[in-house]
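The block underneath contains the structure these notes are about, expressed in structure tokens.
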Amino acid sequence: MTAPKLFIVVPCYNEQEALPITAKRLTELTDDMISREIIAPQSRIVLVDDGSRDDTWKVISGLHEANARFEGVKLAHNAGHMNALWAGMTLAAERCDCVITIDADLQDDVNAMYGFLEEYRNGADVVYGVRSSREKDTFFKRTTAQGFYRMMKGMGVDLVYNHADYRLLSKRALEALLSFGEVNMFLRGMVPMLGFKTAKVYFERGERVAGESKYPLKKMIAFAAEGVTSLSNKPIRWVLGLGALCMLLGVAMAVYVIVSLVQGHTVAGWASLMMSIWLLGGLQLMALGVIGEYIGKIYMETKRRPKFILEEHLK
Ligand code: UDP
Ligand code: MG
């Protein structure tokens with residue numbers, strides 16, 4: 001196998017402090033990989049400026065000028081981490097043999113990329129970078145992250161434990177991913193849907209090299225909510241279930257009410273009120289759930305996801 005053209009996609013949002021350090025590390029890394037013929041000399045590092053408000057774009061233009069290996073992509077507004085990755089991957093897809101996505105803050109160990117490419121050479125189409133431990137995380141981040149994985153599992157969403165968005169995709173896996181038509185994207189839930197041969201590479205995750213986190217709590221919660229609602233219809237089912245439960249309770253309540261009525265120790269109007277509250281409440285919840293089921297179907301349809309993804313075709 002000839003050395004593959006690797007495109008490294010890096011989303012950057014207000015990363016003027018981290019970028020120079022990151023760029024230097026990635027230059028050294030790719031220099032070494034090229035000289036050892038692990039990757040082709042036409043490999044690229046695609047820096048996507050996600051509508052930064054600081055001097056990120058200036059830094060990126062400077063890097064591009066100094067070294068043609070750096071490509072710059074500037075998004076017109078802050079489209080968000082997932083969309084920035086999508087933009088970079090879309091622009092890389094035509095020219096690359098494989099793509100690796102990595103954050104701009106070098107929290108993910110770049111040396112794991114040797115492992116990624118080794119797995120790729122061995123035939124893997126999707127290689128997940130997985131954190132070997134979360135010891136360096138704060139207690140808060142660790143517990144919320146674990147809770148998140150557990151919740152997603154409960155929702156029937158298949159996630160790779162302790163894997164974020166540090167991964168390698170072969171050209172065909174990338175093309176399959178890009179054929180997903182959804183606008184609301186949660187990449188780490190979508191990639192496992194692709195299938196293909198996968199592998200995992202473990203690495204230690206460090207601290208951010210410079211600057212501060214671009215994921216404050218508010219964005220983290222929004223991100224988790226996106227993960228649930230863009231991949232699962234389960235919350236709608238729960239409404240339906242809750243409605244059915246209320247109806248059942250309503251029937252039990254009706255029996256109780258009628259018995260009390262017959263026994264004669266009720267206040268006037270109590271019986272009819274009680275029954276309407278429970279039965280109507282349950283009915284309403286159930287009706288909402290049924291409507292929700294249809295809306296959920298419409299939602300999934302509008303994603304226009306491919307019905308199948310071809311792995312091989314012998315002809
Ligand atoms: N990022 C982005 N757009 C955003 C927020 C973040 O492109 O709106 C990028 C950011 O520059 C970084 C990556 O997404 O490369 C992950 O962000 P960060 O490291 O701040 O998240 P954390 O590691 O703190 O969860
Ligand atoms: Mg980070």
Side-chain angles (χ1 to χ4, degrees), residues 7-26 29 45-60 63 70-92 99-110 112-113 129-149 152 159-167 183-189 191 203-227 230:
F7 275 52
I8 301 176
V9 173
V10 189
C12 312
Y13 178 59
N14 295 343
E15 298 283 9
Q16 61 178 16
E17 291 94 4
L19 253 184
I21 310 169
T22 306
K24 187 162 170 285
R25 279 295 289 124
L26 288 178
L29 180 90
I45 300 165
V46 184
L47 304 173
V48 184
D49 177 1
D50 183 18
S52 300
R53 271 171 303 204
D54 64 357
D55 283 335
T56 298
W57 183 244
K58 233 189 238 164
V59 178
I60 293 177
L63 286 165
F70 284 101
E71 279 188 20
V73 175
K74 189 177 194 305
L75 303 187
H77 70 283
N78 182 223
H81 185 191
M82 294 292 114
N83 293 315
L85 283 173
W86 195 268
M89 291 192 298
T90 306
L91 295 170
V99 63
I100 291 179
T101 50
I102 185 169
D103 288 351
D105 58 4
L106 288 192
Q107 281 189 284
D108 304 324
D109 180 9
V110 293
M113 288 191 201
V130 179
R131 304 173 61 171
S132 46
S133 77
R134 280 191 173 264
E135 270 157 34
K136 289 217 179 83
D137 274 1
T138 58
F139 175 76
F140 175 72
K141 191 121 188 173
R142 195 165 54 224
T143 35
T144 48
Q146 267 158 5
F148 175 67
Y149 283 106
M152 290 304 271
L159 288 184
V160 177
Y161 192 63
N162 276 351
H163 158 70
D165 288 294
Y166 186 27
R167 72 175 79 83
V183 176
N184 299 295
M185 276 183 308
F186 191 71
L187 287 174
R188 58 191 86 164
V191 173
F203 69 92
E204 277 296 332
R205 190 163 149 118
E207 310 268 336
R208 188 173 242 289
V209 287
E212 47 198 52
S213 174
K214 309 306 184 268
Y215 266 101
L217 184 64
K218 204 173 122 203
K219 263 193 191 173
M220 252 170 75
I221 293 172
F223 188 66
E226 177 77 36
S230 72

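Every number for a ligand or one of its atoms is a count from 1 in the order of the listing.
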Heavy-atom pairs closer than 4.0 Å: do any link ligand 1 to the side chain of [X], the backbone, both, or neither?
X	value
Pro11	both
Asn78	side chain
Glu207	neither

Task: Nearest neighbour of atom 13 (C) of ligand 1 from the list Asp103, Leu85, Leu47, Asn83, on a heavy-atom basis - done: Asp103
Task: Nearest candidate to atom 11 (O) of ligand 1, where distance is taken over non-hydrogen atoms, out of Arg208, Met82, Glu15 - done: Glu15
TODO: Would you mind reporting whether Val46 and Leu91 have side-chain heavy atoms less than 4.5 Å apart?
DONE: no
Considering non-hydrogen atoms only, spot the tightest contact between [X] and [Y] and give its length.
X	Y	value
Pro11	His81	CG-CD2, 3.8 Å
Tyr13	Gly51	CE1-O, 3.8 Å
Asp109	Glu204	CB-O, 3.8 Å
Ile21	Ala210	CD1-CB, 4.0 Å
Leu217	Phe140	CD1-CZ, 3.7 Å
Leu75	Ala84	CD1-CA, 3.9 Å

Name the closest protein heavy atom to [atom], giving the residue it belongs to and the distance to 0.1 Å.
atom	value
atom 19 (O) of ligand 1	Asp105 OD2, 2.6 Å
atom 17 (O) of ligand 1	Tyr215 CD1, 3.7 Å
atom 14 (O) of ligand 1	His81 CD2, 3.3 Å
atom 3 (N) of ligand 1	Asp50 OD2, 2.6 Å
atom 23 (O) of ligand 1	Gln107 OE1, 2.7 Å
atom 24 (O) of ligand 1	Ser213 OG, 2.5 Å
atom 1 (N) of ligand 1	Tyr13 CB, 3.7 Å
atom 6 (C) of ligand 1	Lys214 CB, 3.6 Å

Distance (rounded to the nearest 0.5 Å) between [X] [atom1] and [Y] [atom2]:
X	Y	atom1	atom2	value
Thr101	Leu187	OG1	CG	8.0 Å
Leu159	Arg188	CG	CZ	8.0 Å
Thr56	Glu17	OG1	CD	8.0 Å

Please check: side-chain N/O of [X] versus main-chain N/O of [Y], any donor-acceptor pairing under 3.5 Å?
X	Y	answer
Asp103	Asp105	no
Ser52	Asp54	no
Lys214	Glu212	yes

Proximal ligand 1 atoms for [X], defined as those under 4.0 Å from one of its heavy atoms:
X	value
Lys219	4 (C), 5 (C), 8 (O)
Lys141	25 (O)
Gly80	3 (N), 8 (O)
Arg205	23 (O)

Open item on the list: Salt bridge or not between Glu15 and Arg208? Use side-chain N to carboxylate O under 4.0 Å.
Closed with: yes
Task: Cut-off under 2.8 Å, centre the Mg ion (ligand 2), protein N/O/S atoms - done: Asp105 OD2, Gln107 OE1
